[in-house]
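Down below is the structure, laid out as C-alpha cells.
Order of the sequence lines fixes the chain letters, A, B, ..., with proteins taken first and strands second; residue numbering starts at 1 for each chain.
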Amino acid sequence: MSEAAAAKPRPAVDFLKIPENGDPYLEGHKCKACGSMYLGERTTCAKCGARGQIEAVKLSNKGKLYVFSIVYRSFPGIQTPYVSAIVDLDGGGTVKGNLIGVEPDPKKISFGMPVEVVYKDALGRKDREGNSYLSYFFQPAS
Amino acid sequence: MSEDVYVLGIDMIKFGRFPDKSLAELGAEAALLALDDAGLKIQDIEAMWCGNLMQANNMVGQQVLQQIGQTGIPVVNCANACATGATAFRDAWLAVKAGAYDVVLAVGVEQMGKGLLGGPGGSRGIPKEGLLGSMTMPAVFAEAGMEHSRKYGTTFEQFAKVSVKNHHHSTLNPKAMYQIETPLEQVMGAEMISYPNTKLMCSVNVDGSAAAVLVSERKAKELGMKRAVKIRASVLTSDPWQERDLVMPDVNTCTRLAAKKAYEMAGVGPDDIDLIELHDCFATAEILHYENLGLCKDGEAGALIDSGATTIGGRIPVNLSGGLLSKGHPLGATGIANIYEISTHLRGEAGKRQVPNAKLGLTHVIGLGSACAIHILEKAA
Ligand SMILES: [Zn+2]
C-alpha cells in the first residue's frame, strides 16, 4: 500500500470539509446581499450580481427530501439501483446525493420526509493514486 | 418594425442510424432537400448557420458546403445543447430580420452513439455518478417530473401516457425513427431506467439532419408565397437564477420566460395555437411543458394528457411528428426538425397526421444548462 493510500481520506467534493479536529460538514456560500446559497466558492452572486458579498457558512446536517428518482440504469461499472435524492437542508442550501437506508421503492419514499446527512467512505472508490475519499449520504431521520 | 421573415424551403431526412455516412454527408442531404423545397440553388444562399453539438469544434457548416457548393459565403457554426438547431435557425432569422441578407440557410445535423447522455461527473478525484445521486439525463428529468408529482400528484401512468401518444403519432410519420404502437402496459412495463422514466419514456438517440431556407419578405413575394411560412416569433432565453438550480437543472423557468415573450411578439395566446412540437426528451418533460407553455393551468397537465386534448384530433395536438420520444432526437437537428413538422402542417402537406386548417403552430426546445428556444409560425397564404 502506498503512503498516500494510508493517509486520511480526501473529500469527494470541494464543499465537503474535513477539519483537523472535529466532524466533517458541508459548506455553503451565502450572499450577504440577497441571502441566496451556493455550493462551492464564488466571488459574485448569480442571483443579484453583488460582488465580494459571499461568505462561507456551515450547512445543517438535517433536512427534508425534496424530490428523488430511483436509478436502475447508469454508466458502466456503477452499481444500481440506488436512490438519487435532492434534499433541502434546514436553514438553507439544496444538496444532491444518494439516499441510503431505504428500499429503492417509490412507495417507501415520501416527499418531505426528514433526512440527515451522514459521512462515510465513498463506496470504496479510489483515485488513480489509490487515495480513499469521504463522501456524504442522506438517510431517513426519525 | 422591420419586415417579416419567411421559411421558403424546409425538410429533414428520415431519422435513423447511419454509421456509414459522415456528418457532412448527413447535413448535406438535408441542405439539398431544403434548397429543392425552396426551388433555389446553393448559389442563391448568402449566408449559412450550422447547428451541431457533438463535433462543434470541427467547422461542420463548412464541411457541409464542401459537399454541396463552396461559394465563399459566411458560415457560422453554433452549439447550444439540445437547442442547437433552433439557435442556428434563430440566428439565421435575426440576420434576415436585420436586413443583412435576403436568402440564408440554416442546417442542423447530429450523429449520435447509443446509450445514456450526461457526464460521469468530474474529471478530478473519483467518479461522482451513483455516489452523489445521478446526473444521467433520464434521472435529471425523472427528478424534474417528480417535482410535478410532489406539487400536484401527477402519476407514473400519466407520464407514461405521453409516450403512448407520441409513439402512436409517429406511426403516421414516415420520417420518424419508429412507427410502432406502444400500449400503456408496454410503456409502463418496459425496463425502468430512472423512475418514473422507463426505456420507452426516453427519447431515442438517432442520427439526423434538417435544414431550412429563410428569406426576406421582399424575396418571398418575388419567389412565391404559396408554400411560405411566416415566422411570427423567435425567442431564445437562458435559465434565470433559481433556488435549487445548482443541483436540479431548471427547464421550467426559461420555458415560461420564452413562452411569454413569444406570445407577446406574435400577439397571440396559447388558445390561438393549432399545434405544438415541444421538447419531450423524456415523457416527464412533456407534462411540465404543457403548463410552461400555457396549454393548461398549473397543476392540470396530468388531467390534460388524460383528456386526450394533446392527441391527434384533440383540442391542441402536441408532438404529432412522434416527438423526440419516437421520431428521435439528433440533438443539433431537433430544433429545425420541429420547425419542419409545424411548417408541413401549415402547408397542408402532413398527410394522415394533418391538423385540419392549421394556421398557427409553435415549436419549443430546451438545451440543458440551459437554453430555451420558441418559434411561432404562421401559414402565409
Ligand atoms: Zn445575492
Side-chain angles (χ1 to χ4, degrees), chain A residues 10-14 16 34 36-40 45-49 65-88 92-99 104-106 109-112 122-128 131-133 135-138, chain B residues 115-156 159 190-199 201-202 238-250 282 284:
Chain A
R10 301 173 174 208
V13 287
D14 289 343
L16 195 170
C34 74
S36 58
M37 188 78 83
Y38 300 92
L39 299 173
C45 177
K47 184 186 184 189
C48 75
L65 177 66
Y66 183 61
V67 293
F68 65 95
S69 174
I70 301 163
V71 180
Y72 291 86
R73 176 94 77 88
S74 185
F75 294 108
I78 306 292
Q79 207 177 344
T80 57
Y82 60 91
V83 181
S84 173
I86 290 172
V87 167
D88 291 338
T94 300
V95 184
K96 183 164 182 165
N98 285 10
L99 175 63
D105 176 349
I109 305 170
S110 50
F111 299 123
L123 304 175
R125 295 181 189 184
K126 290 183 166 51
D127 64 20
R128 268 184 231 134
N131 296 301
S132 293
Y133 283 77
S135 192
Y136 64 87
F137 300 85
F138 307 120
Chain B
L116 286 172
L117 293 183
S123 51
R124 290 182 304 129
I126 50 171
K128 310 301 187 297
E129 178 64 26
L131 174 67
L132 300 177
S134 181
M135 285 309 286
T136 61
M137 287 300 114
V140 165
F141 280 91
E143 286 161 359
M146 290 297 265
E147 186 178 43
H148 202 269
S149 300
R150 178 192 168 109
K151 284 182 182 163
Y152 306 118
T154 319
T155 63
F156 174 32
F159 291 128
E191 180 191 352
M192 186 58 77
I193 304 294
S194 259
Y195 181 87
N197 281 323
T198 68
K199 190 169 188 184
M201 296 160 72
C202 300
S238 60
D239 48 331
W241 185 90
Q242 287 291 303
E243 192 186 352
R244 297 185 182 86
D245 63 9
L246 287 176
V247 293
M248 198 175 171
D250 173 29
F282 295 89
T284 46

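When all heavy atoms of A:Arg125 and B:Leu131 are compared, the closest pair comes out as NH1-CB, 3.6 Å. When all heavy atoms of B:Leu132 and A:Ser135 are compared, the pair lying nearest together is CD2-OG, 3.4 Å. Nearest heavy-atom pair, B:Glu143 versus A:Ser84, reported as atom, atom and distance to 0.1 Å: OE2-OG, 2.5 Å. Listed here is the closest heavy atom pair of A:Ile78 and B:Glu129: CD1-O, 3.4 Å. Considering every non-hydrogen atom in both A:Asp127 and B:Gly125, the closest pair reads CB-O, 3.7 Å. Across A:Ala122 and B:Ile126, no two heavy atoms sit closer than the pair CB-CD1, 3.6 Å.
Within the 4.5 Å cutoff, the side chain of B:Pro138 has no heavy atoms near those of the A:Arg73 side chain. In this structure, A:Phe111 and B:Ser149 have side chains that are in contact, with non-hydrogen atoms separated by less than 4.5 Å.
Taking CG of A:Leu65 as the reference point, atom CE of B:Met146 lies at 8.5 Å (rounded to 0.5 Å). Rounding to the nearest 0.5 Å gives a distance of 10.0 Å between CD of B:Glu243 and CE of A:Met37. Put simply, CH2 on B:Trp241 and SG on A:Cys48 are 9.5 Å apart, with the number rounded to the nearest 0.5 Å.
Neither the backbone nor the side chain of A:Leu16 comes within less than 4.5 Å of any heavy atom of chain B. Only the side chain of A:Tyr82 comes within contact range of chain B, with heavy atoms under 4.5 Å apart. With a threshold of 4.5 angstrom between heavy atoms, A:Asp105 does not approach chain B through any atom at all. Proximity to chain B (any heavy atom under 4.5 Å) is restricted, for A:Ile86, to the side chain, taken from C-beta onward. The part of B:Glu191 that comes within reach of chain A is its side chain, from C-beta onward, which places non-hydrogen atoms under 4.5 angstrom from that chain.
Judged by distance alone, the side chains of B:Glu147 and A:Tyr66 do bring a donor and an acceptor atom under 3.5 Å apart.
Chain B forms more heavy-atom pairs under 4.5 Å with one residue of A:Gly112, A:Pro104, A:Ser110, A:Gly97 than with any other, namely A:Gly97. Counting heavy-atom pairs closer than 4.5 Å to chain B, the top residue among A:Val83, A:Val95, A:Val71 is A:Val71.
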